[in-house]
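Accompanying notes for the structure given below.
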Amino acid sequence: MNLSQAFESMLNNIRKESPLIHHITNYVTANDSANAVLALGGSPVMADAEEEVEEMVAFASALVLNMGTLNSQRTHSILLAGKRANALGIPVILDPVGLGTTKLRQSLMAKILQEVSLTVIRGNLSEIMHLYDPSVVPRGVDSILSSGEGAEEIAKVLAQRHHCTVAITGEFDVVSNGRVTYRIGNGTSHLSKITGTGCMSSSLIGLCCASGAPPLHAALLGLSIMGISGEIAGEGLQPGEGLGSFKVRLFDAFSHFTIKDYLERGKIYEVQE
Ligand SMILES: Nc1ncnc2c1ncn2[C@@H]1O[C@H](COP(=O)(O)OP(=O)(O)O)[C@@H](O)[C@H]1O
Ligand SMILES: Cc1ncsc1CCOP(=O)(O)O
């Protein structure tokens with residue numbers, strides 16, 4: 001099966017099964033992530049109380065952990081849910097939002113890597129650079145690094161180090177499982193100007209993992225949906241329209257997304273060593 005056939009079957013499976021995607025996420029973009037998952041045919045649930053996360057994750061087909069707005073309860077819940085998901089064989093996607101900015105995020109990341117087996121890590125270049133080399137210190141939740149040169153090697157090394165698939169987003173995206181590495185050329189700079197596109201990308205990867213596909217394919221499809229939908233939204237903007245309209249059009253593009261969009265616009269290239 002080639003990539004487009006695999007993607008078509010994943011999209012069909014998601015729309016047929018409507019898998020439940022459990023999120024423990026931040027209060028800034030939770031609504032956007034829920035609507036992105038819904039628009040593609042999945043079923044989101046946001047539940048972060050430590051008293052219920054282990055029960056909730058048992059209903060889910062994927063768990064998305066997002067470090068955007070941490071507190072002691074959410075931190076504990078992330079570890080509880082991650083371990084339970086591992087015990088149940090449910091894929092775990094980690095979005096290390098703001099990694100490298102504070103000690104809390106650093107210590108949680110270390111605990112997650114120690115206690116939870118991750119399926120996919122998706123972050124922007126600054127966050128992933130910090131994971132690769134802790135001397136890189138980002139400023140906030142947005143990437144301070146714009147050039148993606150070297151991203152392929154970093155993704156590959158981290159995927160091997162943490163035994164998972166690593167996805168780095170930015171002007172172009174890179175996905176590696178440590179053996180095979182791809183570059184994705186879709187997207188528009190509008191995507192970096194509204195908050196939540198990184199979190200939604202991680203949620204879409206979670207949704208694609210829930211289709212039962214290999215994590216590498218799930219990350220490629222999730223990021224392609226975001227990049228291509230961003231392009232469609234940007235091209236649809238009328239004179240005078242700005243980022244508010246872009247966001248509405250982005251969700252329109254999610255809800256109409258089919259394999260045809262990928263076949264017409266997809267830009268996935270395997271990176272040769
Ligand atoms: N300059 C850019 N050109 C094209 N696409 C971009 C650009 N910056 C970010 N994107 C896209 O926006 C989405 C979110 O990526 P990013 O901004 O890196 O995440 P985060 O919100 O975590 O910082 C991804 O789909 C990425 O490909
Ligand atoms: C602004 C902000 N602050 C804490 S979480 C968050 C949202 C980050 O969303 P994204 O990484 O998708 O831009």
Side-chain angles (χ1 to χ4, degrees), residues 23-37 40 46 48 64-71 74-75 78 93-102 104-105 108 120-131 136 138-149 151 154-155 166-175 182-208 218-235 243 246-247 250-251 253-254 257 261-262 265-269:
H23 290 69
I24 299 179
T25 190
N26 68 75
Y27 53 71
V28 182
T29 64
N31 184 266
D32 295 328
S33 285
N35 279 315
V37 167
L40 267 300
M46 276 54 184
D48 62 3
V64 178
L65 302 174
N66 180 302
M67 295 183 9
T69 52
L70 294 176
N71 54 36
R74 196 168 290 125
T75 300
I78 283 175
I93 294 78
L94 177 70
D95 189 330
V97 181
L99 182 66
T101 53
T102 66
L104 178 64
R105 285 166 211 254
L108 176 60
V120 181
I121 303 174
R122 193 293 316 166
N124 65 37
L125 191 58
S126 296
E127 292 152 354
I128 300 293
M129 269 304 283
H130 180 82
L131 186 59
V136 176
R139 204 181 35 212
V141 299
D142 294 319
S143 192
I144 50 162
L145 301 172
S146 54
S147 164
E149 292 313 320
I154 290 165
V166 171
I168 308 178
T169 54
E171 192 175 338
F172 60 86
D173 304 329
V174 170
V175 180
Y182 289 95
R183 181 188 268 241
I184 306 175
N186 293 110
T188 157
S189 59
H190 284 100
L191 286 171
S192 63
K193 296 192 183 109
I194 56 172
T195 193
T197 53
C199 300
M200 287 189 269
S201 300
S202 299
S203 296
L204 293 178
I205 292 172
L207 179 64
C208 295
L220 288 171
L221 178 57
L223 294 182
S224 295
I225 294 171
M226 177 58 76
I228 292 170
S229 300
E231 288 174 8
I232 294 171
E235 289 163 17
L243 291 174
F246 173 75
K247 191 171 169 188
L250 180 66
F251 280 90
F254 288 156
F257 193 91
D261 295 306
Y262 174 75
R265 293 173 176 264
K267 290 185 190 156
I268 296 182
Y269 313 101

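Start at 1 and go down the list; that is how both ligands and their atoms are numbered. Every heavy atom of this structure was used, including side-chain atoms; hydrogens, water molecules and symmetry mates were not. Residues take their numbers from the sequence shown, with the count starting at 1.
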Looking only at N/O atoms, are [X] and ligand 2 under 3.5 Å apart anywhere?
| X | result |
| --- | --- |
| M200 | no |
| V97 | no |
| G68 | no |

Under 3.5 Å side-chain donor-acceptor pair for R74 and T69: yes
Ligand 2 atoms in contact with T29 (distance to a heavy atom under 4.0 Å): 7 (C), 9 (O)
Min heavy-atom dist M200 to ligand 1 below 4.0 Å: no
Which segment of N124 sits under 4.0 Å of ligand 2 when only heavy atoms are counted: neither
is_close_aromatic(F254, F251), centroid dist under 6.0 Å: yes
L223-ligand 1 polar pair, N/O distance under 3.5 Å: no
Nitrogen or oxygen of C199 less than 3.5 angstrom from that of ligand 1: no
Residues I184, S224; criterion side chain to side chain contact (heavy atoms under 4.5 Å, CB included); working and verdict: CA-CA 7 Å; I184 306 175; S224 295; 4.3 Å; yes
Lys NZ or Arg CZ of R183 over F172 ring: under 6.0 Å, within 45°: yes
Side chain, backbone, both or neither: the part of T188 lying under 4.0 Å from ligand 1 by heavy atom: backbone
Side chain, backbone, both or neither: T169 near ligand 1, heavy atoms under 4.0 Å: both
Side chain to side chain donor-acceptor pair (under 3.5 Å) partner of T29, the single match among N26, N31, T25, D32: N26
Step-by-step side chain to side chain contact (heavy atoms under 4.5 Å, CB included) determination, L65 to I93: CA-CA 6 Å; L65 302 174; I93 294 78; over 6 Å; no
Main-chain N/O of I232 paired with E235 side-chain donor or acceptor, under 3.5 Å: no
